[in-house]
Amino acid sequence: MADGPGTPGPAAPLLIACALGIEQFALRSGRSRAGAASGPVTVLRTGMGPRAAETAVARALGQGRAPGTAVLASGFCAGLVPGMHPGDLVVADETRESGDPTICTGPGLLAEALARVVPGRAVHTGPLTGSDHVVRGHERAGLRATGAIAVDMESAATLRTALRSGPRPVAAVRVVVDAPEHELVRIGTIRGGISAFRVLRAILPAFYEWHRSLLLPRR
């Protein structure tokens with residue numbers, strides 16, 4: 001059965017957006033082992049590219065969803081930092097595209113939760129940049145020179161669109177499937193990236209912990 005908007009409850013919902021069917025499968029299968037969430041959870045497949053992400057997220061948040069729904073972009077990404085490996089985790093402190101960057105909510109909390117959930121996996125925190133195409137070779141090096149640590153096609157559009165629909169917590173967590181020393185033929189496949197798939201399937205508890213932390217009263 002496809003994921004849909006959860007029944008309204010006392011806690012704000014969580015929307016997890018990803019692009020690919022294999023990403024959605026990993027995240028949905030991980031839900032059965034993740035324990036109880038703090039509120040309704042939707043795993044939304046947006047389709048590839050920033051335009052598809054923008055359209056899908058705007059539609060999802062415009063269908064009577066509770067105000068303040070937390071939005072988390074996830075899935076695979078291309079690492080930009082030498083020494084990254086498939087299965088490494090990227091926590092965005094901001095997402096970048098043309099115009100002003102989008103500042104993420106609680107990246108430190110997410111990084112700490114991920115370190116507990118998947119011990120032994122490297123967790124990198126820094127800017128996540130957007131692209132409308134698969135990035136390779138010299139273009140990858142050019143993006144790295146801007147200070148970005150990873151690139152994907154949907155996170156920046158997802159978070160920008162989410163905030164355009166109203167104030168809410170936003171974040172992005174990506175699993176490296178393609179890195180400078182480990183380039184794939186196509187980012188849309190995970191051949192050779194089994195470890196990345198397994199990590200993506202395992203990280204739902206960290207998302208739930210981040211979401212619960214947002215609901216705690218501030219002192």
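Worth saying up front: this structure is predicted, and the values here are computed from it rather than measured.
- Contact annotation: the side chain of Leu163 approaches that of Val170 to within less than 4.5 Å [non-hydrogen atoms, C-beta and beyond].
- Pro86 and Ser195 get closest at one heavy-atom pair: O-OG, 3.4 Å.
- Of the possible polar contacts, none joining the Arg121 side chain to the Pro119 backbone as a donor-acceptor pair under 3.5 Å is found.
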I would like to know whether Glu112 and Leu114 meet side chain to side chain contact (heavy atoms under 4.5 Å, CB included); could you show each step before the answer? CA-CA 5 Å; Glu112 291 171 6; Leu114 288 164; over 6 Å; no

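- In this structure, the side chain of Thr161 does not engage the main chain of Val57 through any donor-acceptor pair within 3.5 Å.
- Using a 4.5 Å heavy-atom threshold, the side chains of Phe197 and Val175 count as separate.
- Atom CD of residue Glu97 and atom CG of residue Leu128 lie 10.5 Å apart, to the nearest 0.5 angstrom.
- Shortest non-hydrogen contact noted between Ala53 and Thr158 is CB-OG1, 3.7 Å.
- Counting non-hydrogen atoms of other residues, nucleotides and ligands closer than 6.0 Å to CZ of Arg198 gives a total of 12 or fewer.
- Side-chain atoms of Val176 and Phe76, non-hydrogen and from C-beta on, never get closer than 4.5 Å to each other.
- Ion pairing between Arg45 and Glu23 fails under the 4.0 Å rule for side-chain N and carboxylate O.
- Distance check: Leu110 CG to Ile203 CD1 gives 9.0 Å after rounding to the nearest 0.5 Å.
- Residues Val90 and Met84 are in side-chain contact: their nearest non-hydrogen atoms beyond the backbone lie under 4.5 Å apart.
- Contact detail for His124 and Asp88: the closest heavy-atom pair is NE2-OD2, 3.0 Å.
- Looking only at side-chain heavy atoms (C-beta outward), Thr42 and Leu15 come within less than 4.5 Å of each other.
- Two residues are said to be in side-chain contact when any heavy atoms from C-beta on lie closer than 4.5 Å; Asp93 and Cys104 fail this criterion.
- Using a 4.5 Å heavy-atom cutoff, the side chains of Ser74 and Leu200 are in contact.
- Note that CG of Leu44 is 10.5 Å distant from CD1 of Ile16, once rounded to the nearest 0.5 Å.
- Heavy atoms only, all atoms of each residue included: His211 and Ala70 are closest at CD2-CB, 3.9 Å.
- No donor-acceptor distance shorter than 3.5 angstrom exists from the side chain of His133 to the backbone of Ser131, with no hydrogens or angles considered.
- Between the side chain of Ser29 and the backbone N or O of Ala26, at least one donor-acceptor pair lies under 3.5 Å.
- The shortest heavy-atom contact between Met48 and Ala52 is O-CB, 3.4 Å.
- With rounding to the nearest 0.5 angstrom, the CD1 atom of Ile149 is 6.5 Å from the OG1 atom of Thr125.
- The structure places CZ of Arg160 at 10.5 Å from OG of Ser165, a figure rounded to the nearest 0.5 Å.
- Of all the heavy atoms in Leu14 and Trp210, the pair that sits closest is CD1-CZ3, 4.0 Å.
- Val173 has its side chain within reach of Phe207: a pair of non-hydrogen atoms, C-beta onward, lies under 4.5 Å apart.
- Rounded to the nearest 0.5 angstrom, Leu159 CG and Glu154 CD are separated by 11.5 Å.
- Within the 3.5 Å criterion, the main-chain N or O of Pro127 finds no donor-acceptor partner in the side chain of Arg96.
- A donor-acceptor contact closer than 3.5 angstrom links the side chains of Ser155 and Arg174.
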